[in-house]
Amino acid sequence: MRPLILLVLAASTLFAQETRQSHVNPSPNPADDARPNSNQVPDIYAVTGHFDRVVVLRFKYQTDLLAGLQKMVKQENIRNGVILSAVGSVRSYQVHQVSNRTLPSHDTFENDPTGAADLVSMNGYVIEGKLHPHITLATPDKVIAGHLEPGTEVFTFAIVTIGVMNDVDFHRLDDKSYR
C-alpha cells in the first residue's frame with residue numbers, strides 16, 4: 001500500500017499543471033458594494049511623506065515570497081511603505097487578478113506549482129503593516145501578473161526593495177468601500 005501512495009504522490013507532482021479558479025470578493029459589508037459614490041470622498045487625493053529608510057530584502061531558494069515579505073515587514077517594523085522593485089526568479093507561482101467590472105469584485109486565481117519564471121518586477125504598498133504586493137513574472141511563452149499569493153516560491157534568489165514611510169496615513173488607500 002505504501003509504494004502505491006508514494007507513486008500517486010510522485011505522479012501528482014510530475015503532472016501538476018497550471019490552474020485557474022474564480023471567486024467573488026464581496027466587501028465585509030455587502031451593502032457597501034451596492035452603495036453609490038459619495039460626494040464626501042474626493043475623486044483623487046494626495047498623500048505626502050518622506051522615506052525614513054529603504055530596506056532591501058534577499059530571499060533564498062525555496063522561500064515562499066509572500067510569507068517572507070510578511071515576516072520581514074513585521075521584523076523590520078514597517079507600518080507603511082512602498083514596494084519599489086524586485087528581481088529574481090520563482091519555481092512556482094500563485095497570483096490573482098480582478099476579472100470583472102462591477103461590484104462585488106471577482107478574482108481569478110492563477111496557480112502553477114511547477115511554473116518557473118523570472119521575477120521581472122514587484123510594486124505595491126505596506127498599509128498599516130498589511131501587504132498589498134503585485135508582481136510581474138515572465139516565461140519564454142508569456143507574462144503573468146497580478147496580486148502576489150501564497151505558493152510563489154523563490155528559485156535562484158529574489159531581491160525586494162521597500163521604501164519605509166512611517167510618517168504617512170495610508171489606511172484608506174486600498175479600501176474599495178471608500179468611494
Side-chain angles (χ1 to χ4, degrees), residues 8-38 41 43-44 57 59 61-74 80-156 158 160 162 170-179:
V8 169
L9 287 173
S12 66
T13 302
L14 287 174
F15 298 110
Q17 58 184 314
E18 183 180 38
T19 60
R20 289 180 183 233
Q21 296 178 342
S22 293
H23 301 277
V24 176
N25 188 15
S27 296
N29 178 5
D32 286 342
D33 288 334
R35 188 172 40 91
N37 283 353
S38 167
V41 178
D43 289 342
I44 186 170
L57 307 173
F59 299 76
Y61 175 64
Q62 293 185 320
T63 302
D64 185 282
L65 197 52
L66 183 58
L69 280 169
Q70 290 166 333
K71 175 183 175 183
M72 294 308 292
V73 162
K74 184 175 181 178
N80 291 304
V82 180
I83 300 170
L84 300 170
S85 67
V87 298
S89 61
V90 299
R91 49 180 285 168
S92 64
Y93 63 84
Q94 179 168 231
V95 299
H96 83 259
Q97 305 97 4
V98 67
S99 56
N100 70 325
R101 293 174 25 107
T102 58
L103 295 172
S105 59
H106 295 211
D107 294 327
T108 297
F109 288 78
E110 187 172 347
N111 179 26
D112 192 339
T114 60
D118 278 334
L119 172 56
V120 176
S121 70
M122 181 186 300
N123 59 58
Y125 292 89
V126 179
I127 301 170
E128 301 296 322
K130 181 181 162 224
L131 282 157
H132 191 136
H134 290 240
I135 64 171
T136 304
L137 304 170
T139 74
D141 301 319
K142 65 182 178 176
V143 172
I144 305 108
H147 190 285
L148 176 63
E149 292 290 336
T152 302
E153 191 176 283
V154 174
F155 179 37
T156 54
V160 179
I162 301 174
F170 280 172
H171 85 277
R172 302 299 300 258
L173 283 184
D174 69 347
D175 178 355
K176 70 180 180 177
S177 70
Y178 186 62
R179 57 172 200 280

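What you see is a predicted model, and the numbers here were worked out from it, not measured in a lab.
Contacts of Glu153 classified as side chain to side chain donor-acceptor pair (under 3.5 Å), with partners at least two apart in sequence or in another chain: Arg91. Residues satisfying the ring-ring contact (aromatic ring centres under 6.0 Å, His included) criterion with His96, sequence neighbours excluded, are Phe109, His147. Residues meeting the salt bridge (charged side-chain N to carboxylate O under 4.0 Å, His left out) test with Glu149, sequence neighbours left out: none. Residues passing the side chain to side chain contact (heavy atoms under 4.5 Å, CB included) test with Tyr178 are Val41, Pro42, Tyr45, Arg172, Asp175, sequence neighbours excluded. Looking at residues two or more places apart in sequence or on another chain, you find no side chain to side chain contact (heavy atoms under 4.5 Å, CB included) involving Lys74. The salt bridge (charged side-chain N to carboxylate O under 4.0 Å, His left out) check on Asp32 picks up Arg35, with sequence neighbours excluded.
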Would Asn80 and His171 count as a side-chain contact (heavy atoms from CB on, under 4.5 Å) here? Give the steps. CA-CA 9 Å; Asn80 291 304; His171 85 277; over 6 Å; no
Step by step, would you call Val120 with Leu137 a side-chain contact (heavy atoms from CB on, under 4.5 Å)? CA-CA 5 Å; Val120 176; Leu137 304 170; over 6 Å; no
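A 4.5 Å side-chain heavy-atom check between Leu103 and Arg179 finds at least one atom pair inside the cut-off. Counting heavy atoms from C-beta on, the side chains of Phe59 and Leu69 come closer than 4.5 Å. Contact of the Ile135 side chain with the Val90 side chain is not registered, since no non-hydrogen atoms from C-beta on lie closer than 4.5 Å. Here the side chains of Ile83 and Leu131 are in contact, with some heavy-atom distance below 4.5 Å.
With rounding to the nearest 0.5 Å, the separation of OG1 in Thr19 from CG in Asp112 is 8.0 Å. Within the model, atoms NZ of Lys130 and CG of Asp174 stand 5.0 Å from one another, a figure rounded to the nearest 0.5 Å. With values rounded to the nearest 0.5 angstrom, Asp107 atom CG is found 8.5 Å from Asn100 atom CG. Note that OG1 of Thr102 is 9.5 Å distant from CG of Asp33, once rounded to the nearest 0.5 Å. Put simply, CD1 on Ile144 and CG on Asp118 are 10.0 Å apart, with the number rounded to the nearest 0.5 Å.
The main-chain N or O of Thr156 is found under 3.5 Å from a side-chain atom of Ser89 such that the two form a donor-acceptor pair. Counting only distance, with no hydrogens or angles, the side chain of Ser99 and the backbone of His106 share a donor-acceptor pair below 3.5 Å. A donor-acceptor contact shorter than 3.5 Å links the side chain of Thr152 to the backbone of Gln94. Listed for the Asp64 side chain is a donor-acceptor partner under 3.5 Å among the backbone atoms of Leu66.
Across Ala158 and Leu65, no two heavy atoms sit closer than the pair CB-CD1, 4.1 Å. Taking every heavy atom of both residues into account, Pro113 and Ser92 meet most closely at O-CB, 3.3 Å. Summarising the geometry of Ala86 relative to Met122, their closest heavy-atom pair is CB-CB, 3.4 Å, with the distance given to 0.1 Å.
Within 6.0 Å of atom OH in Tyr125, 12 or fewer heavy atoms from other residues, nucleotides or ligands are found, so the atom counts as exposed in its surroundings. The neighbour count for Lys176 NZ, taken as heavy atoms of other residues, nucleotides or ligands under 6.0 Å away, is above 12.
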